[in-house]
Amino acid sequence: MALVVDGASVVSAQIPPGSTNGTTTPSAGPPAAAAMNRCLQAFHVGDMAGARAACEEAARLDPTMVEARYMAGVAAAAQGDTCAARAHYELVLLAPLLHPQVVAIQQALASDAFQNCVRGVVAAAPSQPVLPARSTRDLVAQATVAFRNGDLDLAERLATQAVVDEPNDAGAHKLLAIIYVQRGLSCDAKAHYVAFLRLDPGSPLVPRVRQIIAHPDFAHCR
C-alpha cells in the first residue's frame with residue numbers, strides 16, 4: 001500500500017493546507033515549523049533519511065504536530081524500518097483528533113509487515129507499568145499505555161473491562177474500536193465506533209468516525 005512504501009506519493013497528498021511546492025508554515029512554534037519545512041522539502045526530493053530526521057525533530061519540538069509524526073512513520077516505512085514506523089503510527093492513532101489516513105494506518109499496522117514488532121516498540125512513549133485499576137478512567141488510561149507498548153492483548157482486556165464497568169464511556173468504546181481494527185475485527189470495531197457516535201454525538205471526532213465506518217472494509221458489518 002502506498003501509505004507505507006511510497007513516501008513521495010503520500011506526502012504529495014498530505015501536505016498541510018497553505019503549503020507551496022513542498023513547504024509549509026504549520027501553526028506551531030518557529031523551531032517546529034522550520035523542522036516541518038525541512039521534512040516536507042526532503043520528501044519532495046526523495047530523501048527519506050532526511051525527511052525522517054526532520055519529521056521526528058518537528059514531532060519532538062511540538063508533540064501536537066500529528067502530521068509530523070505521521071510523515072516520520074511514512075519515511076521510516078520507506079526505509080524498511082517497520083518497527084519505528086509502527087511506533088509513529090501508533091502515536092498518530094492515539095492523537096485527540098483522528099488523522100485523515102487513520103483507516104490506512106490501521107490496515108498497515110494489521111499487515112504481516114508489522115507483526116515482527118508488535119510488542120514494546122513505541123520509543124517515543126517510554127514503557128510504564130500497568131497498575132491495578134480503580135476506575136473506568138484508570139482502565140482506559142492503562143489500556144492506552146498497553147496499546148502504546150504494542151500489547152494488544154492487555155489493551156483489549158483493559159478496554160473491554162472499562163466498557164463492561166461503564167457502558168456509557170464513549171472514550172472506552174473508541175479505544176476498543178481502534179484495538180479491534182488493528183486485530184482485523186472490523187465488525188466488532190464498527191459496533192464500538194457506533195457506540196461512540198451514540199454516546200458522544202457532539203464530539204469533533206464524529207465526522208471522521210463516520211468516514212471510517214463508511215469505508216468498504218466495514219460494508220459487510222450490520
* Asked: Got H220 and S186 here, is their nearest side-chain heavy-atom distance under 4.5 Å?
  -> yes
* To do: Check whether V164 and L154 end up in the same hydrophobic cluster, where Ile, Leu, Val, Met, Phe, Trp and Tyr are linked by side-chain heavy atoms less than 4.5 Å apart.
  => no
* To do: Sort out for me which residue in L175, L152, T160 forms a side-chain contact (heavy atoms from CB on, under 4.5 Å) with Y180.
  => T160
* **Minimal non-hydrogen separation, A42 against A51, with atom names** => CB-N, 3.3 Å
* Asked: If you take all heavy atoms of A59 and A68, which pair is closest and at what distance?
  -> N-CB, 4.0 Å
* With a 4.5 Å heavy-atom cut-off, do L40 and M71 have their side chains touching? -> yes
* Structure fact -> Across all chains, not counting sequence neighbours, the salt bridge (Lys or Arg N to Asp or Glu O under 4.0 Å) partners of E57 are R38
* To do: Could you grab the distance from atom SG of C83 to atom NE2 of H88, nearest 0.5 Å is fine?
  => 11.5 Å
* Considering all heavy atoms, the nearest A155-A146 contact -> N-CB, 3.7 Å
* **Linked, directly or transitively: L139 and V163 (ILVMFWY side chains, under 4.5 Å)** => no
* Structure fact -> Rounded to the nearest 0.5 angstrom, the OG-CZ distance for S203 and R208 is 12.0 Å
* To do: Check A33 against M65 and note the closest heavy-atom contact, atom names and distance.
  => N-CE, 4.4 Å
* Take the angle between the ring planes of Y70 and Y89 and call it parallel below 30°, perpendicular above 60°, tilted in between. => tilted
* Can you find a heavy atom in the side chain of I213 that is under 4.5 Å from one in the side chain of L197? -> yes
* Asked: Shared ILVMFWY cluster between L185 and V209, side chains joined below 4.5 angstrom?
  -> no
* Asked: Looking just at side-chain N and O atoms, do D138 and Q142 make a donor-acceptor pair shorter than 3.5 Å?
  -> no
* **Expected output: side-chain H173 to main-chain P167 donor-acceptor under 3.5 Å** => yes
* Asked: Of all heavy-atom pairs between A172 and V140, which one has the smallest distance, and what is that distance?
  -> CB-CG2, 3.8 Å
* Would you call D81 and R52 a salt bridge, using N to O less than 4.0 angstrom? -> yes
* Structure fact -> Closest non-hydrogen atoms of A177 and H192, given as atom of the first, atom of the second and distance, are CB-CB, 3.8 Å
* With the 4.5 Å side-chain cut-off for hydrophobic clustering, are L199 and V194 part of the same group? -> no
* Asked: Below 4.0 angstrom, N of the basic side chain to O of the carboxylate: do D153 and R183 qualify?
  -> yes
* Can you tell which of L205, D188, L176, I178 makes a side-chain contact (heavy atoms from CB on, under 4.5 Å) with Y193? -> I178
* Atom pair CD/CD of E166 and Q161 - distance to nearest 0.5 Å -> 12.0 Å
